[in-house]
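Below is one structure, written out as structure tokens; the observations come after it.
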Amino acid sequence: MNPIVREIAERAADLLRVPVARVEGVLAPPREESLGDYTIPCFAFAKELRRSPQEIAAELASALEELSSVERAEAAGPYVNITVDRPRLLAHILGQVLREGEGYGSSGEGRGKTIVIDYSSPNIARPFTIAHMRTTVLGHSLKRIYEHLGYRVVGVNHLGDWGTQFGALIAAYKRWGVRERVERENVYELFRLYVRFHEEAKQDPSLEEEGRAWFKRLEEGDPEARELWQWFVDLSWQVFQRYYEILGIEFEEVRGESAYRDRTGPLIQELLEKGIAKESRGAVIVPLEDSEDGKDDKEEPPLLLRKSDGTTLYATRDLAAAIYHYETYRFHKKLYVVDAGQSLHFKQLFKALEKMGYPWAKDLVHVAFGVVLFEEQRMSTRAGRVVFFEDVLNQAVERIRQIIEQAEKKTDLTEEEKERVAQDVGVGAIVYANLSRSRLQNIHFRWDEVLSFEGRSGPYLQYTHARLAGVLRKYGREIPQAPDCAALSQLQEVALAKKLEQFPSRVQSAAREYDPFLLSDYLYDLALATNKFYDSCRVLGEPSEVEGARIALVYAAKTVLKKGLELLGMKAPEKM
RNA sequence: GCGCCCGUAGCUCAGUGGAUAGAGCGCUGGCCUCCGGAGCCAGAGGUCGCAGGUUCAAAUCCUGCCGGGCGUACCA
């Protein structure tokens, strides 16, 4: 909160004899910019003061008008609309951004705290699809946001490299696999084998049995099963790493489900001995029904730890992983960035850990998100109804190459730079598309939408940044550290500066709500304000007071835009 | 059946108690002798799923219903 707003709130609170926080709670920007900078709706104070809101507003208006930082304060019915001393406000905002630079919007709230984020965590032996992008991009952005707030963040890639499905894959490979083809086509061939397995299993259910049997052999350490499995893992990881490199993602910990295979046995033993788990229908479960008064008409499904064939499940390994992560990192919080369809799983998991007496169970958060739909249906890897990430990326990059070539303005980019830019912007389009709606919304994947780079899109934000970079390049001198803000009197200048002021609180909201959308939404508004300013206010060649003030504004906007893009996991090219 | 999520403009989505509900796409019409037109400006387009209730004030909170998605013990 800036000092001007604080002064206003304190004065008003003093006058009304209410806590400052009450005033700050209702103080907001007005409905329309032309009404002023801030407004205080006075309804909330009417009852206790036994006066009409209109009366209160009138009194506040005349009192606030006397503050030196207030330019104008007028009552509009029950509202007080306040216009502040703009040069002072802008000097405060610009001063802060110029002083803090890339550190603007950071804070010490995370000092000494560790956050573990489990994200991306793809299943091996399958190509990345556009559906995998949601967890990858969300988790990555959350990671950068928390880091900006001073947290130590451990990005965990909990690879899906264990489970019945690998029994199925081994069975499929044993039946139809060709080594050379797998080596050549990698995950795409493994994926084909997997799909074929499920298709043929529809006709011949004994295949499922065969798959389960292979998984059992795998869990028991059968050398042939292990060897094939390791081969699949190595091949897959090679491909995944390339994708992560393109996306600019690095993990602090890559530790698949298989890493916990030796912990699950003892864990199940312990739970049985403590009476937390029990045998039921041949399997081992943790009952979770909260039967306080014996009425279990709700009948919550239990958490399954071991199947009747003796093999473990996803949940067993997740349990072991949570304990491992707490022991290793003593986390402040652990976030699971996993689609909303798994809500029950996490509810069960957290409850089971609570039953086990771990106080940190309350620090586990399922950061749920909506699924990506294709042709109005959920993508299904098994059914083969998927869009591969690589295809989307290639098309996006190709589209951008064309746009660069067709640009009217002669581009001075070298061929190498063009490639770089095409990739950065292509990735940006995909990333932004995944962060451009609140996380619980499903996303309808449409080619024309992802390949549209106009309006609200990743490239729009990057383009805005590149324009500002262009102005700064041409200016070519030191940015004035104490610009004359009285020279910034245009509506668009004030609006842009006020937008810049919101950045820190938006970063915090995004962290608090575990939703980078809150940041991406803000960045679009910021880019819009920037373009409006750019369109109506010329910078270079203006009288020196104006030019100096405007270039400082340009610099501040570019700095925030760049930082914001980075927090979303996007590049901010200087030229494009 | 039960649980969670969603329902706002033709389409995709913001807005979760405060003034006349906002964007993008699409549609109509404007703006480059001037810092990058991947841009800017203007216009048309909405009984905020329905019905009650709480409140000075409801798209927003509560209750019920309708429609859609997901989940609901041996997949991950």
Side-chain angles (χ1 to χ4, degrees), chain A residues 26 28 30-32 35 39 41-44 46-47 52-53 76-79 81 121 123 160 162-165 168 208 211-212 257 280-285 297-309 311 313-315 317-318 338-345 347-348 368 370-371 373 377-378 381-382 400 403-404 406-409 411 425 436-438 440-444 446 448-449 452-464 466-475 517 521 524-525 527-528 531-532 534-542 550-551 554 575-576:
Chain A
V26 296
R31 174 172 54 85
E32 255 178 56
L35 295 174
T39 190
C42 299
F43 307 98
K47 195 169 274 179
S52 74
Y79 296 88
N81 291 324
S121 305
N123 289 320
W162 207 248
T164 315
Q165 51 172 329
E208 301 278 7
R212 274 194 285 272
E257 290 184 58
S280 166
R281 301 182 211 171
V284 176
I285 64 165
D297 45 340
K298 278 198 175 172
E299 206 164 314
E300 287 227 18
L303 184 71
L304 260 175
L305 295 182
R306 195 171 70 198
K307 294 186 279 186
S308 45
D309 69 358
T311 57
L313 291 119
Y314 176 44
R317 298 183 287 276
D318 252 5
V338 181
D339 79 83
Q342 296 190 44
S343 298
L344 180 60
H345 165 75
K347 200 178 150 199
Q348 293 177 324
V371 295
L373 304 170
Q377 288 184 77
R378 188 173 185 160
T381 320
R382 284 193 188 185
I400 292 156
I403 292 172
I404 294 174
Q406 289 165 4
E408 285 182 38
K409 181 191 172 239
T411 174
V425 177
S436 63
R437 25 176 72 56
S438 52
L440 286 168
Q441 280 286 351
N442 287 344
I443 291 182
H444 299 254
R446 296 216 171 76
D448 55 354
E449 195 182 312
S452 160
F453 308 138
E454 286 166 15
R456 197 179 200 107
S457 68
Y460 173 83
L461 301 187
Q462 292 170 315
Y463 176 74
T464 306
R467 286 177 120 183
L468 298 180
V471 178
L472 287 165
R473 249 193 328 273
K474 292 210 166 97
Y475 181 74
F517 161 75
D521 187 51
Y524 172 73
D525 286 344
L528 186 62
N531 282 319
K532 286 183 183 192
Y534 184 92
D535 200 63
S536 56
C537 302
R538 213 193 137 72
V539 179
L540 305 180
E542 294 294 297
R550 285 183 178 167
I551 202 74
V554 165
K575 297 178 183 177
M576 60 187 270

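Here the structure is a predicted model, which means the values were calculated and not measured. In the text below, chain A, chain B and the rest are named by the order of the sequence lines, each starting its count at 1.
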The criterion is ring-ring contact (aromatic ring centres under 6.0 Å, His included); which residues satisfy it with Y524(A), sequence neighbours excluded? Y460(A)
What is the nucleic acid contact for Y460(A), judged by heavy atoms within less than 4.0 Å: base, sugar-phosphate only, or nothing? sugar-phosphate
With hydrogens left out and only the distance checked, is there a donor-acceptor pair under 3.5 Å joining N81(A)'s side chain and the base of A19(B)? yes
According to a strict under-4.0 Å criterion, is Q406(A) in side-chain N/O contact with OP1 or OP2 of A38(B)? no
N/O (side chain, Y314(A)) to phosphate O (OP1/OP2, A76(B)) under 4.0 Å: no
Identify, between N442(A) and S536(A), the residue whose nearest nucleotide on RNA chain B lies closer to the 5' end. N442(A)
Is L373(A) touching bases, backbone alone, or none of the nucleic acid, heavy atoms closer than 4.0 Å? nothing
Which residues pass the ring-ring contact (aromatic ring centres under 6.0 Å, His included) test with Y314(A), not counting sequence neighbours? H345(A)
Atom-pair distance (NZ on K575(A); P on G36(B)), nearest Å: 11 Å
Residue set satisfying side-chain hydrogen bond (donor to acceptor under 3.5 Å, both in side chains) with S308(A), at least two apart, ordered chain then number -> none
Between which residue ranges does RNA chain B form stems of three or more consecutive Watson-Crick or G-U wobble pairs, both distances under 3.5 Å? B:1-7 with B:66-72, B:10-13 with B:22-25, B:27-31 with B:39-43, B:49-53 with B:61-65
By side chain to side chain contact (heavy atoms under 4.5 Å, CB included), P53(A) pairs with (sequence neighbours left out) C42(A), F43(A), A46(A), P78(A)
Whole angstrom is fine here: how far is it from NE2 in H444(A) over to P in G7(B)? 11 Å
Identify, with sequence neighbours excluded, every residue that meets side chain to side chain contact (heavy atoms under 4.5 Å, CB included) alongside K347(A). E300(A)
G36(B) phosphate, OP1 or OP2, under 4.0 Å from K474(A) side-chain N/O: yes
Describe the nucleic acid contact of A28(A) in one word from base, sugar-phosphate, nothing, applying a heavy-atom distance below 4.0 Å. nothing
Kindly say if Y79(A) contacts the phosphate of A57(B), meaning a side-chain N or O under 4.0 Å from OP1 or OP2. no
Sequence neighbours excluded, which residues qualify as salt bridge (Lys or Arg N to Asp or Glu O under 4.0 Å) partners of D318(A)? none
Applying side chain to side chain contact (heavy atoms under 4.5 Å, CB included) to A340(A) and not counting sequence neighbours gives S343(A), A368(A), L440(A)
For G3(B) and S343(A) - does any side-chain N or O of the residue sit under 4.0 Å from the phosphate oxygens OP1/OP2? no
Taking only nitrogen or oxygen atoms into account, show me every contact under 3.5 Å that the protein makes with nucleotides 23-29 of chain B, one pair per line with its distance.
residue: A23(B); atom: O2'; partner: R456(A); partner atom: NH1; Å: 2.9

